[in-house]
Amino acid sequence: MARLRNEQLIKATAARLKRLREGKGVTLEAFFHDTGIHLARLESGRANITLSTLEAVCNYFGISLAEFFSDGFEEVAPAGDA
């Protein structure tokens with residue numbers, strides 16, 4: 001199966017991750033120390049985040065996946081429609 005990569009979705013996710021982290025006052029270094037997750041790669045849009053990693057990020061910040069996707073994804077087109 002071919003790997004799909006929706007650049008618009010990845011960019012929206014990256015921006016949401018950064019807003020969430022900065023809004024909580026957490027540094028990239030502190031986040032890595034606490035979780036072992038390299039958030040800088042995800043925030044830059046270089047990596048396509050997995051659902052399991054996104055769930056771990058949301059748990060760290062005390063929000064649900066639904067809450068994560070409730071802000072900043074209104075304009076994202078489905079893969080193939082971009």
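Positions are given from 1 along the sequence.
Remark: Arg46 pairs with no residue by the salt bridge (charged side-chain N to carboxylate O under 4.0 Å, His left out) rule, at least two apart or across chains.
Shortest non-hydrogen contact noted between Ala12 and Gly72 is CB-O, 3.7 Å. Nearest heavy-atom pair, Gly45 versus Ile10, reported as atom, atom and distance to 0.1 Å: O-CG2, 3.6 Å. Across every non-hydrogen atom of Leu42 and Ala47, the tightest pair is CD2-CB, 3.7 Å.
In the hydrophobic clustering of ILVMFWY residues, with side-chain heavy atoms under 4.5 Å counting as a link, Leu65 and Phe73 come out together.
By the 6.0 Å contact criterion, CZ on Arg19 is enclosed, its count of non-hydrogen atoms from other residues, nucleotides or ligands being greater than 12.
Between Asn59 and Glu55, some side-chain heavy-atom pair lies under the 4.5 Å cut-off. Taking the side chain as every heavy atom from C-beta outward, Leu17 and Leu54 approach each other to under 4.5 Å. Considering only heavy atoms from C-beta on, Val26 stays 4.5 Å or farther from Asp34 through its side chain.
Here the straight-line distance linking atom CG of Leu39 with atom OG1 of Thr53 works out to 10.5 Å at 0.5 Å rounding. The CG atom of Leu9 sits 6.5 Å away from atom CZ of Phe69, with the distance rounded to the nearest 0.5 Å.
The ring-ring contact (aromatic ring centres under 6.0 Å, His included) pairs that include a residue from residues 43-65 are Phe31-Tyr60, Phe31-Phe61, where partners are two or more places apart or lie in different chains. Screening residues 20-29 for side-chain hydrogen bond (donor to acceptor under 3.5 Å, both in side chains) gives Arg21-Glu43 as the qualifying pairs, with residues at least two apart or on separate chains.
Remark: Arg16 qualifies as a cation-pi partner of Phe68 under the 6.0 Å distance and 45° angle criteria applied to the six-membered ring.
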